[in-house]
Asks: 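The structure that follows is given in the form of structure tokens.
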Amino acid sequence: MLKSHHCGALRRDHVGEHVSLAGWVHRRRDHGNLIFIDLRDRFGITQLVFNPDHSADAHQIASQLRNEYVIRALGLVRARPEGMRNADMATGDVEVVIDQVEILNEAREPVFHISRESDVDEALRLRYRYLDLRRPRMQRNLVLRHKVTRFMREYLSERDFLEIETPILIKSTPEGARDYVVPSRLHPGKFYALPQSPQQLKQLLMVSGFERYFQIARCFRDEDQRADRQPEFTQLDLEMSFVEREDVLQLLEGLLTELVPAVSDKRVLQSPFPRFTHTEALALYGSDKPDIRYGMLLTDLSDLVADSGFRVFQQTIEAGGQVKAIRAPGCADYTRRQIEELTELAKEHGAQGLVTIQMRDKGPHSSIARFLAEAEMTAILERMGAETGDLLLIVADEAPVVAQVLGQLRLVMGKRLELADDDVLAFAWITDFPLLEWNVDEERFEAVHHPFTAPFDEDLELLESDPGLVRAKAYDIVANGYEIGGGSIRIHRREVQSRLFAAIGMTDEETRAQFGHLLEAFEYGAPPHGGIAAGLARLVMLLAGEPNIREVMAFPKTQSAVDLMTDAPSPVSARQLDELHIRIQD
RNA sequence: GGAGGCGUAGUGUAGUGGUCUAACACGUCGGCCUGUCAAGCCGAAGAUCGCGGGUUCGAGUCCCGUCGCUUCCGCCA
């Protein structure tokens, strides 16, 4: 080893020891004669002192040191003089007087500050990611990520789970996201796909009798990016045999409840986690991934305004729609312009308009006040619990539009009013999703979750008669408004699986070609099984308090799925294309 | 595919039609400096204002296009 200690190690106890340290020059303070170097490695920073009276040679070399040079230094640990200790540094009680120093490697001037937590253009950070990763933020986040995966591995291993790797080159399937495909050299015109998740493989492992499987699994989906979505991402993927929904929920709930305090300063809002059916979540929060750190729930006013003098309300309800509202405390003084902005937002999300009631000192103020009977207004205010200073936002439309619009307005107002506690992780389960939904474009039903999800036993008969009403044994785990994971109890009987494929309009021939291996496996004694997959980076992002997933990934891609550091994707040679039997069309 | 935001020395910003011959901080380079820790003081270098076109007597500033990054919608079984 080139170092006897790391740069975060030395304390008062080490005074008098001769040590060797190695790392990067974090900062230098050159007084001409006396030179101080803050030496950094992964573990911390230690102050080196170069005094020409102590070692003229070392001092001479030190005067040539620049930021980010890699050096090794040997010297004596000394207590810092009284009054010169640095309480902000872990090693601030001591310093190392250097008698010998060696430059292991010089460094060009970094393109941005390593030693300052200043914001830097993200494209530049990604272009020079190896430098960005030296900075405290990324070091901290990747250490956290390691702690999370380590905790998961230990927690699951202790509970008889086996970590089993599944292939990255697999068969493309038609359902779901767009596949990343890989051409085959040995089989002209044929392609592998990268897994969107190891879904079928882990189910086959259950057929194999492993009973409890998990994997920190890399997944790939060729869809457009978001702050919480990358083209390749990591899931904690797990599957269990001979279980019911409750077993899976309790396992993951236990894992997360213990994980959070073990790796972070965050607090779990509530455990056991609250549960909402899909219908309840949409009704209360206007979202299937609600942020339950604060209230501002959607309140139904439909019954109060069914005969309203405001014809829009009346007509909406006659047509089977809803009138619902949220209450934003302290926003009664919004200007016409601010109200206009909210209205625009509502329209962007599909609303025809937005009705507001401003609870001013003189009384409620609303553009539709003159259409409402006094009793009607009173009833609305009472149900909303409206107080002076509040702003009520009311939307009238079909139920899905109301949920979408008020759900978004709730998020916007919650953010403005800073209602969410940043130190809290508010997990919740969303259950009882519909199994199938009608795809208007393709004029067929398709799986909401995936086609291996088991229907409710009591809904089985509806699979042929009224597929849209079948409920699924599926569940999502959400936290702070993000979908952290999802899973289900699977279909394990061939007959049910065939009926499901029929319900989503797949012919026997298609079924055999795409999923024959799975259906066949089910004929050899498949146990009842189910599982869940959780997005690792989304979870770490929340634990780290970061605004996007890239901050917890070592080498993320841009929104356009480009790696700015390596410049992938890039062209390949004509020879490579030839071998792969591929011709590029312009 | 669509909508919004951003793009000015190495980095972060200021500059909203006229001494902008582009400013400030940090960084860099040089000088001075034996107790600093965002060291200090003095000095210097460093910018075709993302790129292309247009309007104008005059464009970093206004308009159009384009590229890059980003947020959102669509998409994400």
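Letters A, B, ... mirror the listed sequences (proteins, then strands); counts begin at 1.
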Asks: Hey, does the side-chain of A:R80 have a donor or acceptor N/O within less than 3.5 Å of a partner on the base of B:C37?
Replies: yes

Asks: Indicate, with a heavy-atom threshold strictly under 4.0 Å, whether A:E122 touches base, sugar-phosphate, or nothing.
Replies: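 It contacts sugar-phosphate atoms only.
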
Asks: Before you tell me yes or no, could you show the steps for A:R11 and A:D93 under salt bridge (charged side-chain N to carboxylate O under 4.0 Å, His left out), namely the whole-Å CA-CA distance, both residues' side-chain angles and the distance that decides it to 0.1 Å?
Replies: CA-CA 7 Å; A:R11 298 289 184 277; A:D93 282 345; over 6 Å; no

Asks: Just name whichever nucleotide pairs with B:G65, Watson-Crick or G-U, keeping both distances under 3.5 Å, else none.
Replies: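 Across all strands, the one nucleotide that pairs with B:G65 is B:C51.
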
Asks: Can a donor-acceptor pair be found between the side chains of A:E68 and A:H26 at a distance below 3.5 Å?
Replies: no

Asks: So what does A:N86 hit on the nucleic acid, given a heavy-atom distance under 4.0 Å: a base, only sugar-phosphate, or nothing?
Replies: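 Since a base atom lies under 4.0 Å of A:N86, the category is base.
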
Asks: Spell out yes or no: do the side chain of A:D38 and the base of B:C37 have one donor N/O and one acceptor N/O closer than 3.5 Å?
Replies: no

Asks: Once you apply the 3.5 Å cut-off to both distances, tell me the Watson-Crick or G-U wobble partner of B:G58, or none.
Replies: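 The base-pairing partner of B:G58, which may sit in any strand shown, does not exist here.
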
Asks: Could you check whether A:T566 and A:D563, counting side-chain N and O atoms only, form a donor-acceptor pair closer than 3.5 Å?
Replies: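 The answer is yes; a qualifying pair exists.
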
Asks: Using a heavy-atom cut-off of under 4.0 Å over every strand shown, decide if A:R28 touches base, sugar-phosphate, or nothing.
Replies: sugar-phosphate

Asks: Within the structure shown, what part of the strands sits under 4.0 Å from A:I504 by heavy-atom distance: base, sugar-phosphate, or nothing?
Replies: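 Result for A:I504 = nothing.
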
Asks: Between the base of B:G27 and the side chain of A:N67, is there any donor-acceptor pair under 3.5 Å?
Replies: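 For A:N67, whose side chain was compared with the base of B:G27, there is no donor-acceptor pair (under 3.5 Å).
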
Asks: For A:F112 and A:D88, find the nucleotide of RNA chain B closest to each by heavy atoms; which residue's nucleotide sits nearer the 5' end?
Replies: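 Mapping each residue to its closest nucleotide by heavy atoms, the 5'-most match is A:F112.
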
Asks: Under 4.0 Å, counting only non-hydrogen atoms across every strand here, what does A:R178 touch: a base, just sugar-phosphate, or nothing?
Replies: nothing

Asks: If the cut-off is 4.0 Å, is A:R29 near the phosphate of B:U36, judged by side-chain N/O to OP1 or OP2?
Replies: no

Asks: In terms of side-chain heavy atoms, does A:Q352 have a donor or acceptor partner in A:D397 at a distance below 3.5 Å?
Replies: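 Distance-only check fails for A:Q352 and A:D397.
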
Asks: When you measure from the side-chain N and O atoms of A:R226 to the phosphate of B:G74, is any distance below 4.0 Å, counting only OP1 and OP2?
Replies: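 Result: no.
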
Asks: With no hydrogens and no angle check, do the side chains of A:Y475 and A:D432 hold a donor and an acceptor under 3.5 Å apart?
Replies: no

Asks: Which part of the nucleic acid does A:E95 contact within heavy-atom distance under 4.0 Å: base, sugar-phosphate only, or nothing?
Replies: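 Counting heavy atoms under 4.0 Å across all strands, the contact made by A:E95 includes a base.
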
Asks: What is the nucleic acid contact for A:R78, judged by heavy atoms within less than 4.0 Å: base, sugar-phosphate only, or nothing?
Replies: base

Asks: Would you classify A:R550 as touching base, sugar-phosphate or nothing, given that sugar-phosphate means primed atoms plus P, OP1 and OP2, and contacts are heavy atoms under 4.0 Å?
Replies: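 Sugar-phosphate contact only - A:R550 comes under 4.0 Å of backbone atoms but never of a base.
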
Asks: Would you kindly check whether a donor in the side chain of A:R229 faces an acceptor in the base of B:C75, or vice versa, at under 3.5 angstrom?
Replies: yes

Asks: Can you check whether any acceptor in the base of B:G10 is under 3.5 Å from a donor in the side chain of A:R108, or vice versa?
Replies: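 Flag unset: no donor-acceptor pair detected.
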
Asks: If the C1' atom of B:U61 is compared with that of B:G17, how far apart are they to the nearest Å?
Replies: 7 Å

Asks: For A:V49, report the nucleic acid contact type (base, sugar-phosphate, nothing); a contact means any heavy atom under 4.0 Å.
Replies: nothing

Asks: Side-chain N or O of A:R66 versus OP1/OP2 of B:C29: is the shortest distance under 4.0 Å?
Replies: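 For A:R66, the contact criterion (side-chain N or O under 4.0 Å from OP1 or OP2 of B:C29) is met.
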
Asks: Answer with base, sugar-phosphate or nothing: what part of the nucleic acid does A:S560 contact at a heavy-atom distance below 4.0 Å?
Replies: sugar-phosphate

Asks: My understanding is that a pair needs two contacts under 3.5 Å, Watson-Crick or G-U wobble. By that rule, which nucleotide pairs with B:G17?
Replies: none

Asks: Do A:E344 side-chain and B:G4 base share a donor-acceptor contact under 3.5 Å?
Replies: no

Asks: Of A:P110 and A:A447, whose nearest nucleotide on RNA chain B comes first from the 5' end?
Replies: A:P110

Asks: Okay, side chain of A:R178, backbone of A:D222: is any donor-acceptor separation there less than 3.5 Å?
Replies: yes

Asks: Evaluate the side-chain proximity of A:D459 to A:L469: yes if any heavy-atom separation is below 4.5 Å, no if none is.
Replies: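 No, side chains not in contact.
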
Asks: By the 4.0 Å heavy-atom rule, please label A:D121 as base, sugar-phosphate, or nothing.
Replies: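 Touches sugar-phosphate only.
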
Asks: For B:A38, which nucleotide is its Watson-Crick or G-U wobble mate, given both distances must be under 3.5 Å?
Replies: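 None - no nucleotide pairs with B:A38, as no candidate has both distances under 3.5 Å.
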
Asks: Give A:R116 one of three labels, base, sugar-phosphate or nothing, depending on what nucleic acid heavy atoms sit under 4.0 Å from its own.
Replies: base

Asks: Give A:T558 one of three labels, base, sugar-phosphate or nothing, depending on what nucleic acid heavy atoms sit under 4.0 Å from its own.
Replies: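 Sugar-phosphate, no base atom in range.
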
